[in-house]
Amino acid sequence: ARLLEGVRAFRADRYDEALARFRDVEREGGAPDLALYLGPTLYKLGRYREAQVVLARQHRQGPRDAVADYYLALTYHRLGLTLLARSVFASLDVREAGPRLAEGAARVVAAIDAAPLPPAELPKLLAEADTVDPARAPEAFDAAQEALLRAAPGSAERQRAAALVARHAVAVGAESTAIELMGSERDPRVEVEVARAALSMGDRGRARALLEDARQRGDASTREAARQVAEAGLR
């Protein structure tokens with residue numbers, strides 16, 4: 001009943017009331033589709049960081065929803081995660097989204113493509129992503145993904161961004177994203193972080209191979225990190 005009350009309030013543009021009802025549902029144990037309404041409501045209220053966490057979790061862990069993904073892309077755009085926004089807009093299922101959302105997505109993508117990206121933002125993104133605070137993992141993961149999209153192929157910035165994506169992947173339930181990195185990134189630091197993701201998925205063979213390669217090719221700090229991961233996960 002409270003979820004339906006919130007949906008009605010949202011559709012009537014009473015977003016504060018909608019948020020109150022959705023928070024009631026959350027306190028009472030939640031509902032399977034709560035994020036599909038809570039995320040857009042937070043966006044409408046300008047609470048973009050909160051919307052980011054809710055909508056990105058829905059996007060990664062599913063089920064996928066075109067409207068929720070549309071609001072996620074809008075949220076990313078508001079937060080300056082421009083290329084991440086573009087990738088989500090571009091992946092929208094046009095048939096599911098409908099013509100209005102598809103046209104809106106196309107307009108934003110065109111605006112992104114027409115404007116140069118400020119190069120000074122890359123160090124800021126990497127700094128935001130470089131955290132070990134579990135509470136900040138969702139935002140850090142997104143910042144690392146944006147940095148990965150912006151960094152030049154083969155650059156030190158790209159290698160660092162890839163390692164940070166892999167570092168936070170387990171915390172946000174995106175282990176497969178870390179595994180996919182190995183198709184394009186062979187930096188030993190990335191291998192250590194991807195090995196963590198592989199271990200969390202129970203893939204000890206992949207983890208062992210990655211850690212062995214990292215120990216052979218990495219610098220002293222990377223070899224030590226590989227040793228620690230191996231001791232913790234391969235005993």
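The basis for the numbers below is simple: all heavy atoms, side chains too, and nothing from hydrogens, waters or symmetry mates. If you're wondering where the values come from, they're calculated on a predicted model, not measured in any experiment.
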| task | Please answer whether the main-chain N or O of F22 pairs with a side-chain N or O of E5 as donor and acceptor at a distance below 3.5 Å. | result | no

| task | Could you tell me the separation between the CG atom of L122 and the OG atom of S155, rounded to the nearest 0.5 Å? | result | 7.5 Å

| said: We want to know whether Y15 and D13 form a side-chain donor-acceptor pair, criterion being a heavy-atom distance below 3.5 angstrom. | reply: yes

| Are T177 and V172 side-chain neighbours, meaning at least one heavy-atom pair lies under 4.5 Å? | no

| query | E224 and R227: salt bridge (charged side-chain N to carboxylate O under 4.0 Å, His left out), yes or no, with the steps? | reply | CA-CA 5 Å; E224 175 59 19; R227 184 191 65 78; 2.5 Å; yes

| query | Between R204 and G233, what is the shortest heavy-atom contact and its length? | reply | NH1-O, 2.9 Å

| query | Where do A66 and L92 come nearest, in terms of heavy atoms and distance? | reply | O-CD2, 3.5 Å

| task | Output yes when D219 and R223 qualify as a salt bridge under the 4.0 Å nitrogen-oxygen rule, no when they do not. | result | no

| request: Look at D16 together with K44 and state whether they make a salt bridge at an N to O cut-off of under 4.0 Å. | output: no

| request: Of all the heavy-atom pairs spanning L55 and A68, show the shortest one and how long it is. | output: CD2-O, 3.7 Å

| Separation between CG of D69 and CZ of F89, rounded to the nearest 0.5 Å | 10.5 Å

| So, are D187 and R158 salt-bridged, with charged N and O less than 4.0 Å apart? | no

| request: List the atom of A140, the atom of T131, and the distance in Å for their closest heavy-atom pair. | output: CB-CG2, 3.6 Å

| Flag side-chain contact, heavy atom, 4.5 Å: R64 against E96 | no

| field | Separation of Y71 OH from L74 CG (nearest 0.5 Å) | value | 7.5 Å

| Distance (rounded to the nearest 0.5 Å) between E146 CD and T82 OG1 | 5.5 Å

| So, E193 and R196, do they make that salt bridge, N to O below 4.0 Å? | yes

| request: Return yes if some donor-acceptor pair links the side-chain N/O of H59 with the main-chain N/O of L72 below 3.5 Å, else return no. | output: no

| said: Between R23 and E50, does any NZ, NE, NH1 or NH2 come within less than 4.0 Å of an OD or OE carboxylate oxygen? | reply: yes

| Side-chain donor/acceptor of R86 to backbone N/O of L81, under 3.5 Å | no

| field | Pairing of E128 and R49 as salt bridge, 4.0 angstrom limit | value | yes

| field | Q52 side, atom CD; L84 side, atom CG - distance, nearest 0.5 Å | value | 8.5 Å

| Any ion pair linking R215 and E212 (charged N to carboxylate O, less than 4.0 Å)? | yes

| said: Tell me whether the count of non-hydrogen atoms from other residues, nucleotides or ligands lying under 6.0 Å of CZ in R60 goes above 12. | reply: yes

| task | Of all the heavy-atom pairs spanning T41 and A18, show the shortest one and how long it is. | result | CG2-CB, 4.2 Å

| said: I need the minimum non-hydrogen distance between V170 and S200, along with the two atoms involved. | reply: CG2-OG, 3.7 Å

| field | Interatomic spacing from CD in Q58 to CG in D33 - rounded to 0.5 Å | value | 9.0 Å

| said: Is it the case that the ring center of Y43 lies less than 6.0 angstrom away from the ring center of Y48? | reply: yes

| message | Taking the basic N atoms (NZ, or NE/NH1/NH2) and the acidic carboxylate oxygens, is any pair closer than 4.0 Å for D130 and R167? | response | yes

| said: Assess whether a salt bridge exists between E139 and R136, defined as any Lys/Arg side-chain N lying under 4.0 Å from an Asp/Glu carboxylate O. | reply: no

